[in-house]
Amino acid sequence: MKFSAFALTFAAMSAGVNAFSINNRAASVAAVRNMALKSAAVDVDTKAALAQAANEARGLAMDSIAAAHSGHMGLPLGAAEIGATLYGGQMQYNAKHPDWMNRDRFILSAGHGSMFIYSWLNLAGYDLPMDEVKNFRQHHSMTPGHPEFPNSEHNTPGIECTTGPLGQGVANAVGFAASEKMAAAKYNTEDHTIFDHHIFALAGDGCFQEGVSAEAAAFAAHEKLDNLVILYDANEVTLDKMAEYTQSEDILKRYEAYGWEVYDIDGHDLDAVNEAISSAKASNNGKPKFIKCNTIIGKGMEETEGTNAAHGEAGVPYVDNAKKNIGLPVDEKWYVSEGTRDFFADVQKANDDKYAEWQKTYDAWAEANPEMAKELTDAIEDNVMSAEDMCKAIPATEAGAEATRVSGNAAIQEISKLVPNYISGSADLHGSCRNYINDGGNFGAGFDKTYAGKNLYFGIREHAMGSILNGFAYHGIFKVSGSTFAVFVDYFRPTIRVAALAELNRVSYILTHDSIGVGEDGPTHQPVETVSGLRVFPNLNVWRPSDAEETVAAMISSVTHKEGPTALVFSRQNMDQNDAMDYMERREGALKGAYIAKKETEDLDLIIMATGSEVQHALKAAADLPGARVVSMPCMELYEAQSDEYKESVMPSSCTKRIAMEAGVSGLWYKYASKVVGVDRFGFSAPGDIVMTELGMTPENLSEQIKSMN
Ligand SMILES: *[C@@H]1O[C@H](CO)[C@@H](O)[C@H](O)[C@H]1NC(C)=O
């Protein structure tokens with residue numbers, strides 16, 4: 001639909017058609033809903049206030065983007081009526097209590113339009129002062145280029161989610177919605193409802209062109225997440241060109257086919273937006289809601305509106321003219337009228353009342369259910385037993401030769417007992433990755449699933465899984481892990497990056513079949529670069545444990561580490577236990593990232609480092625070398641975080657003869673070793689032990705390589 005079609009549409013609307021559509025069926029659905037909800041229409045005064053606020057939000061976006069000479073005007077100008085409707089009454093929030101557990105969540109999936117959310121947070125009375133709005137995109141401001149979930153760099157109240165990589169916000173929202181369903185199922189009682197909030201996300205064409213949103217949308221409909229409302233800012237524009245240049249599918253029909261309830265409205269018509277959102281919230285029919293809001297990108301700026309030129313900051317030269325057009329003072333920047341401030345003061349009063357009412361319900365609930373209340377508080381505050389106490393609480397493993405994925409299965413049962421808010425999902429590989437929580441039940445709708453279930457079935461949708469895990473973490477109640485084969489990390493790597501950036505310590509990954517030891521499935525399934533590829537992320541701990549006790553430590557670390565997510569990399573094949581060493585020493589050593597797994601019996605003259613399945617080879621090779629020390633290094637990142645003193649005690653700098661062994665690419669190991677026995681090529685299809693032997697992953701080859709060192 002081109003600009004002229006909008007003109008037609010508006011003509012049709014003024015002729016009394018309240019909602020319009022490019023497809024008749026959706027139009028009739030929307031029309032029916034509009035009739036049913038006539039009473040929800042905003043009154044004349046409120047509507048005028050919302051319209052004024054929308055224009056002032058446009059002004060804030062224009063001024064901040066002009067000041068920064070950077071940013072994206074198209075969305076904040078084009079979606080202003082949506083923002084006014086959400087923050088002006090439709091969303092349940094309390095700006096003075098931004099951490100209210102039953103608040104509705106708003107996710108700006110189209111994160112480049114960040115001035116949208118900063119304007120509305122300021123207007124709504126969140127602790128985001130106008131000076132910060134003026135400081136848009138500057139160093140140390142609360143208004144970074146794309147929204148950032150509060151972390152050690154930023155703390156902007158009201159930002160629920162780090163967004164920007166397109167599509168992920170939609171998939172994150174699905175995770176939020178799943179988490180809300182789980183919280184409601186777990187904690188609401190017959191007498192008290194403490195969780196009944198909605199998840200809103202605003203997304204654009206870029207979000208729906210990216211595949212991750214499609215994976216997540218299918219999951220959302222399948223699991224009947226009807227608490228989710230996606231607002232599609234349908235402005236027919238992408239960055240380079242008009243959207244029709246690259247897009248001809250009917251996105252509304254696509255979502256309808258997934259099983260969503262769809263709406264098709266004029267995104268600038270405050271009544272239409274209001275009624276669609278009211279209807280979406282009211283309908284508990286098992287369908288997530290998709291509201292196509294037809295908008296004009298950059299609305300208000302004649303020179304660029306409705307075209308791809310409006311997307312970025314190209315409109316800066318036209319700001320004065322645009323302000324004049326929409327009735328804002330030209331000589332006053334960051335203008336907010338008293339009327340708008342008064343309006344939002346009233347909204348705050350109404351929100352205070354809602355909050356107080358909820359608080360009463362919560363207090364009664366907590367009094368009637370003290371144990372659950374304690375569990376929920378601990379879950380939200382992330383109060384977990386210390387790693388030290390967990391080590392004591394989990395019995396010794398007594399494993400024989402065993403794959404670490406099997407050790408992981410035993411460990412996850414223990415963790416699940418100690419951490420009640422721990423849940424674990426899989427991209428259709430629970431059986432292989434062994435991360436199923438026994439007696440945990442299955443999450444979702446239909447079949448044997450309930451929303452209180454601890455095992456999530458993501459289907460073969462790794463990218464969505466990664467984003468949904470992040471959504472759970474942002475939602476702030478559960479700790480969640482997701483599993484797949486290590487080699488498929490690349491299917492959800494973008495989500496790991498954001499989890500690390502946002503410091504989501506509630507997220508962990510269970511990645512099995514960790515090397516060429518996979519064997520017969522061949523090189524497509526044999527990760528050689530994956531483990532090192534994960535180690536390069538800041539804030540991500542990557543574990544590759546060598547036996548059952550190190551696996552216990554790895555699992556403990558994944559639920560107790562506070563600074564970021566954790567990747568747990570487990571083997572498919574069996575490996576020996578380092579039984580010569582006490583189990584608690586192995587756990588404690590592993591929790592330091594690296595430790596002495598076998599001490600030299602004479603003067604130290606060689607350090608052999610290894611991880612995972614290669615530690616057993618290191619121990620064998622060292623058996624004939626009295627001056628050799630074996631260092632097991634299951635987690636480089638935790639080792640790096642230790643004191644210099646500890647590091648020196650494990651790997652004395654006086655000992656420069658150092659060799660490392662790992663069944664993966666060798667590059668990173670040269671930081672610690674002068675020689676590396678690794679696998680710098682893709683593997684091949686054959687039984688795992690043959691692939692290992694052929695590619696030199698044997699104690700014999702290690703011994704030979706040691707001999708060749710001076
Ligand atoms: C032994 O390891 C070295 C170093 O990784 C490698 O170059 C060599 O090919 C391996 N030997 C065998 C027999 O695979």
Side-chain angles (χ1 to χ4, degrees), residues 401 403-404 486-487 513-536 542-547 569-576 578 594 597-598 600 604-636 639 650-651 655-710:
T404 43
V487 81
H513 298 58
D514 69 337
S515 72
I516 52 170
V518 166
E520 292 89 339
D521 277 344
T524 54
H525 284 52
Q526 294 167 350
V528 289
E529 79 293 5
T530 312
V531 180
S532 278
L534 286 169
R535 288 181 180 131
V536 299
V542 182
W543 281 81
R544 187 168 182 260
S546 69
D547 70 5
V569 185
F570 297 154
S571 75
R572 174 199 182 201
Q573 76 281 16
N574 284 350
M575 42 222 229
D576 299 337
N578 185 13
K598 181 180 181 294
E600 64 283 2
L604 175 67
D605 64 9
L606 170 70
I607 295 173
I608 310 173
M609 287 158 247
T611 73
S613 47
E614 286 65 65
V615 171
Q616 57 189 349
H617 301 333
L619 291 168
K620 280 204 186 109
D624 306 328
L625 303 169
R629 168 183 296 192
V630 175
V631 171
S632 177
M633 193 183 261
C635 181
M636 279 184 182
Y639 175 71
V650 176
M651 292 201 261
C655 181
T656 54
K657 195 174 164 189
R658 299 171 175 205
I659 188 166
M661 187 182 203
E662 185 175 69
V665 293
S666 58
L668 284 183
W669 284 99
Y670 289 100
K671 187 172 171 184
Y672 304 109
S674 52
K675 192 171 182 83
V676 183
V677 183
V679 179
D680 290 301
R681 52 158 287 178
F682 291 114
F684 54 87
S685 180
D689 50 344
I690 300 211
V691 186
M692 283 286 199
T693 305
E694 287 290 316
L695 297 181
M697 290 294 116
T698 60
E700 294 77 21
N701 193 35
L702 177 58
S703 299
E704 222 162 275
Q705 298 305 316
I706 291 168
K707 267 184 228 148
S708 74
M709 298 172 87
N710 328 316

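Residues take their numbers from the sequence shown, with the count starting at 1. Everything numeric here is computed off the predicted structure, so don't read it as measured data. Start at 1 and go down the list; that is how both ligands and their atoms are numbered.
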Could you list the donor-acceptor pairs under 3.5 angstrom formed by side chains in residues 692-703, with sequence neighbours left out?
| residue | atom | partner | partner atom | Å |
| --- | --- | --- | --- | --- |
| T693 | OG1 | D689 | O | 2.7 |
| T698 | OG1 | N701 | N | 3.0 |
| N701 | OD1 | Q705 | NE2 | 3.1 |
| N701 | ND2 | G696 | O | 3.1 |
| S703 | OG | P699 | O | 3.0 |

Heavy-atom check, side chain of D547 versus side chain of V615, under 4.5 Å: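 Not in contact.
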Sub-4.0 Å heavy-atom environment of ligand 1, residues by chain: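 Under the 4.0 Å cut-off, ligand 1 touches V676, V677, G678, E694, L695, G696, N701, Q705.
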Go through it in stages, so that I can follow the logic: the residues are M636 and W669, the test is side chain to side chain contact (heavy atoms under 4.5 Å, CB included), and I'd like the CA-CA distance, side-chain angles, deciding distance and then a yes or no. CA-CA 10 Å; M636 279 184 182; W669 284 99; 3.5 Å; yes
Do any side-chain atoms of residues 675-683 form donor-acceptor pairs under 3.5 angstrom with protein atoms, and if so which ones, sequence neighbours left out?
| residue | atom | partner | partner atom | Å |
| --- | --- | --- | --- | --- |
| D680 | OD1 | S666 | N | 2.9 |
| D680 | OD1 | S666 | OG | 3.3 |
| D680 | OD2 | S666 | OG | 2.7 |

With a 3.5 Å cut-off and sequence neighbours excluded, list the donor-acceptor pairs that the side chains of residues 513-521 form with protein atoms.
| residue | atom | partner | partner atom | Å |
| --- | --- | --- | --- | --- |
| D514 | OD2 | R544 | NE | 2.9 |
| D514 | OD2 | R544 | NH2 | 3.2 |
| S515 | OG | G517 | N | 2.9 |

Could you tell me whether E662 and R535 make a salt bridge, using a distance below 4.0 angstrom between a side-chain N and a carboxylate O?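 Salt bridge present between E662 and R535.
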